[in-house]
2 protein chains.
Amino acid sequence: MKRPKKIRQEALVQSIKENPFVTDEELAAEFSVSVQTIRLDRLELSIPELRERIKHVAVKTFDDEVKSLPIDEVIGEIIDIELDERAISIFDVKPEHVFQRNQIARGHHLFAQANSLAVAVMNDELALTVKSELQFLKPVKAGQRLVAKAQVVDRNPEKNRAYVKVVSSVDQVTVFIGTFEMYRMTEQSEGDEE
Amino acid sequence: MKRPKKIRQEALVQSIKENPFVTDEELAAEFSVSVQTIRLDRLELSIPELRERIKHVAVKTFDDEVKSLPIDEVIGEIIDIELDERAISIFDVKPEHVFQRNQIARGHHLFAQANSLAVAVMNDELALTVKSELQFLKPVKAGQRLVAKAQVVDRNPEKNRAYVKVVSSVDQVTVFIGTFEMYRMTEQSEGDEE
DNA sequence: ACTCATATTAGTACCAAGTGCTAATAGCGG
DNA sequence: CCGCTATTAGCACTTGGTACTAATATGAGT
């Protein structure tokens with residue numbers, strides 16, 4: 001028993017990380033030590049008690065929820081919009097948006113910003129994307145700010161179509177171009193397709 | 001004081017929904033009643049105690065996290081893959097993926113599934129999307145299961161390019177087609193652009 | 001083998017935020 | 001004024017701890 005303490009404490013950290021909902025009693029059983037030992041371990045490792053752990057997790061969720069609701073409607077933040085004409089949004093690329101391996105933003109985030117901006121610029125109850133062509137010109141990295149500019153380039157009211165071009169750039173350099181053919185959903189046509 | 005009870009209980013429900021972290025004591029102060037009254041109210045309304053409320057929120061987060069971590073690398077779940085050849089993934093469309101207004105899945109989720117599958121099928125350390133063409137053929141609704149099939153259709157090793165076609169379907173019906181021109185990132189070329 | 005430090009266990013008092021129960025009191029409508 | 005609901009109070013008990021003290025192992029060095 002030279003270093004079973006260190007080993008146990010490492011396992012303890014791991015165990016609690018995997019399941020923060022475990023009580024000292026359960027941990028004591030798991031490691032075949034007394035509850036007091038577990039308490040001392042937590043003390044040394046500055047691991048808070050069960051209720052505090054749970055609360056932290058809960059607070060995080062709660063905050064996330066409140067935050068993600070508005071974010072959900074448009075990916076990025078709209079800073080200028082003229083309905084049916086053009087719109088601009090910004091999106092800050094954070095570590096969670098990139099490939100871990102090379103810090104390059106994953107394509108679907110660029111697409112999501114552009115596509116949701118294309119939806120937003122449409123002056124309709126709701127618009128759906130029908131077709132799209134994308135060009136990923138330069139890699140975007142974590143920490144950079146993506147500015148997407150959408151422009152309605154053409155309309156075809158009879159077919160309920162509009163065409164939107166979105167150009168995204170970082171520091172004035174174009175990194176992404178997308179064109180979107182949008183279907184304008186009108187009251188009567190809404191919900192009557194398969 | 002004919003119906004202040006009903007009114008108070010409605011306000012109580014609202015109050016706890018807004019802030020699940022509130023104690024009976026704080027609630028008692030808020031409504032100027034005794035702690036016991038609050039307890040009776042919770043009993044009648046089947047609102048669990050603070051710790052249980054917190055735990056529920058936390059469990060939800062925790063579950064979400066465990067789910068979203070692996071999902072982060074590939075959107076959807078890969079159920080079959082033959083590197084450099086083809087791959088299949090499934091993605092269950094949930095309420096959070098659709099427009100609230102008409103329950104139709106937002107385009108970037110279809111794109112994300114297809115694009116990340118295209119990345120996964122590449123037998124490289126990492127691949128980037130260069131160009132893409134998308135067709136959104138039919139709307140997809142919450143509750144449906146998207147099956148995406150990716151096929152590597154062409155290769156151009158000199159230019160580090162590969163072409164992937166992804167077809168997504170719901171119940172054997174094609175709802176989305178995407179073609180992706182992928183850049184194969186090799187060891188030496190990695191990180192030397194921009 | 002003895003000693004000393006560290007590790008572990010045990011036990012007590014106390015806390016928060018409750019549940020569960022009984023009992024007393026308030027308020028008001030008929 | 002009676003009766004009913006609503007409210008309040010009080011007490012014992014529960015969980016999952018903290019904080020602290022004290023006893024006991026255990027193991028390593030000399």
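The sequence lines fix the lettering, A, B, ..., with proteins before strands; numbering per chain opens at 1.
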Take the protein atom [atom1] of [X] and the nucleotide atom [atom2] of [N], then report the distance between them rounded to whole Å.
X       : N      : atom1 : atom2 : answer
A:Asp41 : C:dT6  : CG    : P     : 16 Å
B:Glu52 : C:dA17 : CD    : C1'   : 12 Å
B:Arg8  : D:dT5  : CZ    : C1'   : 12 Å
B:Leu27 : C:dG18 : CG    : C1'   : 13 Å
A:Glu25 : D:dT14 : CD    : P     : 14 Å
A:Lys6  : C:dT6  : NZ    : P     : 13 Å
B:Leu43 : D:dT5  : CG    : C1'   : 16 Å
B:Phe31 : D:dT8  : CZ    : P     : 13 Å

Does [X] reach a base, just sugar-phosphate, or nothing at all? Heavy atoms under 4.0 Å.
X       : result
A:Arg42 : sugar-phosphate
A:Val35 : nothing
B:Glu49 : sugar-phosphate

Problem set entry | B:Ser34 side-chain N/O to D:dT8 phosphate OP1/OP2 under 4.0 Å | yes
For this session: Establish whether the base of D:dT18 is bridged to the side chain of A:Arg39 by a donor-acceptor pair shorter than 3.5 Å.
Result: no
For this session: Could you tell me whether the side chain of A:Arg51 has a donor or acceptor atom within less than 3.5 Å of a complementary atom in the base of C:dA17?
Result: no
Taking 4.0 angstrom as the limit, do [X] and [Y] come out as a salt bridge?
X       : Y       : answer
B:Glu49 : B:Arg42 : no
B:Asp41 : B:Lys6  : no
A:Arg86 : A:Asp80 : yes

Exercise. Side-chain donor-acceptor pair under 3.5 Å between A:Thr129 and A:Ser132, yes or no?
Worked result: no
Problem set entry | Donor-acceptor pair, side chain of B:Gln113 and main chain of B:Ser89, under 3.5 angstrom | yes
Exercise. B:Gln36 side chain: which of D:dT7, C:dG11, D:dT8 is closest?
Worked result: D:dT8
Exercise. When the nearest nucleotide of DNA chain C is assigned to A:Lys55 and to A:Leu40 on a heavy-atom basis, which residue is associated with the more 5' position?
Worked result: A:Leu40
